[in-house]
Structure formats: C-alpha cells, structure tokens
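As a basis for the values below, the full set of heavy atoms in this structure was taken, side chains included, without hydrogen atoms, waters or symmetry mates. Here the structure is a predicted model, which is why all the values come from computation and not from measurement.
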Amino acid sequence: AWIADGFGLFKKAPGIWIAQVVILFVILIVLAFIPLLGAVATFLLMPVFIGGLILGCRALQGGGELELGHLFAGFDKAHLGNLILLGALAIGGWIVVMLPVIAIAGAGAVFGLMRGDAAGVAAMGGSFMLAGLVALALSIPIYMALWFAPALVVLRGYAPVAAVKESFFGCLKNVVPFLIYGIVLLVLGIVAATPLGLGWLVLGPVAIASIYVAYRDIYGDA
C-alpha cells in the first residue's frame with residue numbers, strides 16, 4: 001500500500017518528478033568525480049535533498065503543486081543544519097559498519113595470499129562472504145535509523161539524534177511490513193535497472209514518495 005500510494009503521488013506530477021531525479025543524478029555524478037570530498041559531500045547532502053522532496057510530497061498530498069525547487073527546499077535555514085548533521089551521523093554509522101567488514105575481508109585476503117593454494121583461496125572467498133553477511137546485518141539498523149529521519153526533521157522539527165532514534169524505533173515497531181516493503185522494493189529495483197536503468201526515473205520518485213506515505217501511516221501526521 002505504501003508503494004502503491006507513493007505511485008499515486010508520482011502520477012500527480014510525473015514530469016516534475018522525473019526532472020528532479022535527472023537533476024539529482026547529474027549532481028551525484030559530478031560529486032562522484034571529486035576524490036574523497038565528493039563522497040563525503042554526497043553523504044552530507046543526500047538527507048538535504050530527501051528532506052526537500054519530502055516537503056514536495058506534503059505539498060502534493062495537501063492539494064498543492066510539486067515544484068522543481070522542492071528538490072532544494074531542504075537548503076533553507078530552518079532545516080539545512082540538521083539535515084547535514086543527519087548526513088554526518090550517516091557517515092559515522094557507515095564507518096562503524098565498514099570497520100569489521102574490512103577487518104574480516106582483509107584478514108582473509110592476507111591469509112589466502114600467504115597460503116597461495118586452493119585452500120587459501122577458498123578461505124579468502126569464505127572471508128569475503130562472511131564480510132558481506134556482516135555488512136548486511138550491520139547495515140539494516142543504519143537504514144532503519146535513517147529511513148524516516150529527514151522526514152522527522154523537516155515535518156516535525158526533530159533534532160538529528162532524536163530523529164535517528166525515532167526513525168529506528170518506528171521501523172522496529174513495524175518490522176514485518178518493512179520486511180515485505182523492502183523485498184518488494186528490491187524486486188522492483190532489479191526490474192527498474194533492466195532497461196538501462198531507465199525504470200529508476202519512475203521507481204526513484206515512487207520510493208521517495210513511499211517514505212512519506214509510510215511516515216504518515218506510522219507517525220500519523222502531515
């Protein structure tokens with residue numbers, strides 16, 4: 001229902017949604033060409049862009065119009081600082097995730113190279129698989145903590161740490177529907193990526209709008 005209602009919001013202004021996705025994609029591509037600082041800027045700015053799009057969803061839901069400027073609405077003085085701090089918290093969270101992953105994968109790689117035989121290579125492959133499983137397990141709480149955080153900042157005025165906590169517990173209390181929601185988005189993501197990734201011109205906006213719809217469903221306000 002969250003995804004279907006998100007598609008309903010997309011249908012209200014498909015041209016603007018697609019234009020926003022294209023502009024955001026171009027911005028992210030430009031940032032990707034800047035070594036290190038570009039990656040940091042991406043993490044810091046993504047909550048800002050998402051917060052602006054959430055404000056656009058609220059406008060659509062209230063009978064207003066989605067505007068191209070909503071993509072940058074999170075850059076206003078009232079929200080910018082807290083949204084950037086959310087990005088900083090995200091960086092910290094992903095560093096925590098990557099440290100054990102690097103430790104596991106690195107140890108396996110060294111072991112495999114030292115052995116130089118089939119057993120060593122197998123051990124290396126096993127360590128990478130283990131690292132992947134650890135990364136998956138640790139990333140789920142990060143996604144839960146960040147999923148509703150931009151919406152809580154721009155719609156309720158939460159401080160970053162409070163928004164992260166509220167988002168985590170909001171997801172935790174609805175873990176079963178979120179599991180189904182995640183699986184459906186994963187399948188749709190695979191389908192959307194098939195025709196040269198063009199499906200993401202639709203799925204990207206629908207996913208953002210579904211966050212807003214789920215937020216309204218769970219937290220019960222605008």
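The side-chain heavy atoms of Phe168 and Val164, taken from C-beta on, include no pair separated by under 4.5 Å. Leu37 has its side chain within reach of Ile34: a pair of non-hydrogen atoms, C-beta onward, lies under 4.5 Å apart. Residues Leu53 and Gln20 have side chains in contact (heavy-atom distance under 4.5 Å, counting atoms from C-beta outward). Side-chain atoms of Phe10 and Val202, non-hydrogen and from C-beta on, do get closer than 4.5 Å to each other. Looking at Trp2 and Val206, their side chains never come closer than 4.5 Å, going by heavy atoms from C-beta outward. Taking the side chain as every heavy atom from C-beta outward, Val176 and Tyr181 never approach each other to under 4.5 Å. Side-chain contact between Pro150 and Phe49 is absent, with no heavy-atom pair separated by less than 4.5 Å. Contact of the Ile16 side chain with the His70 side chain is not registered, since no non-hydrogen atoms from C-beta on lie closer than 4.5 Å.
Proximity of a side-chain donor or acceptor of Trp147 to a complementary backbone N or O of Ile142 within less than 3.5 Å is not detected.
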**Request:** Give the C-alpha distance, both sets of side-chain angles, the deciding distance and a yes or no for side-chain contact (heavy atoms from CB on, under 4.5 Å) between Ser167 and Leu146.
**Result:** CA-CA 6 Å; Ser167 175; Leu146 296 173; 5.9 Å; no
**Message:** Please determine whether side-chain contact (heavy atoms from CB on, under 4.5 Å) holds for the pair Val21 and Trp200, giving the CA-CA distance in whole Å, both sets of side-chain angles, and the decisive distance to 0.1 Å.
**Reply:** CA-CA 9 Å; Val21 169; Trp200 278 98; 5.9 Å; no
**From CA spacing to verdict: side-chain contact (heavy atoms from CB on, under 4.5 Å), Lys12, Leu66** = CA-CA 8 Å; Lys12 290 184 177 182; Leu66 180 68; over 6 Å; no
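Nearest heavy-atom pair across Leu152 and Ala163 is CD1-O, 3.4 Å. Ala209 and Trp17 get closest at one heavy-atom pair: CB-CZ2, 4.4 Å. Contact between Ser210 and Ile3 at its shortest, heavy atoms only, is CB-CA, 4.1 Å. Counting all heavy atoms, side chain and backbone alike, Leu136 lies closest to Ser139 at O-OG, 2.9 Å. Across all their heavy atoms, Gly52 and Ala73 have their closest contact at CA-CB, 4.0 Å.
In the hydrophobic clustering of ILVMFWY residues, with side-chain heavy atoms under 4.5 Å counting as a link, Tyr158 and Tyr212 come out together. In the hydrophobic clustering of this structure, Phe169 does not group with Val153; members are Ile, Leu, Val, Met, Phe, Trp, Tyr whose side-chain heavy atoms approach within less than 4.5 Å, directly or through other members. Met144 and Ile208 fall into different hydrophobic clusters, where Ile, Leu, Val, Met, Phe, Trp and Tyr are joined by side-chain heavy atoms under 4.5 Å apart, directly or via other members. Following chains of ILVMFWY side-chain contacts shorter than 4.5 Å, one cannot reach Ile29 starting from Leu44, and the two form parts of different hydrophobic clusters. Using a 4.5 Å cut-off between side-chain heavy atoms of Ile, Leu, Val, Met, Phe, Trp and Tyr, with links allowed through other members, Val191 and Leu201 fall into different hydrophobic clusters.
Ring centers of Phe178 and Phe148: under 6.0 Å apart, within the cut-off.
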Cut-off 3.5 Å, no hydrogens considered: what does the side-chain donor-acceptor table look like for residues 78-95, sequence neighbours left out?
| residue | atom | partner | partner atom | Å |
| --- | --- | --- | --- | --- |
| His79 | ND1 | Asp76 | OD1 | 3.0 |
| His79 | ND1 | Asp76 | OD2 | 3.2 |

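Listed by first and then second residue, the salt bridge (Lys or Arg N to Asp or Glu O under 4.0 Å) pairs involving residues 138-167 are Arg156-Asp221 (not counting sequence neighbours). Among residues at least two apart or in separate chains, there is no ring-ring contact (aromatic ring centres under 6.0 Å, His included) pair with a member in residues 20-41.
Atom CD1 of residue Ile190 and atom CG of residue Leu185 lie 11.5 Å apart, to the nearest 0.5 angstrom. In this structure, the separation between CZ on Arg58 and CG on Leu9 is 13.5 Å, given to the nearest 0.5 Å. Here Leu31 contributes atom CG and Leu45 contributes atom CG; the two are 6.5 Å apart, rounded to the nearest 0.5 Å. Within the model, atoms CD1 of Ile50 and SG of Cys57 stand 11.0 Å from one another, a figure rounded to the nearest 0.5 Å.
Under the side chain to side chain contact (heavy atoms under 4.5 Å, CB included) rule, Leu24 has a single partner from Leu28, Val26, Val22, which is Leu28.
No more than 12 heavy atoms of other residues, nucleotides or ligands shown are found within 6.0 angstrom of OH on Tyr143.
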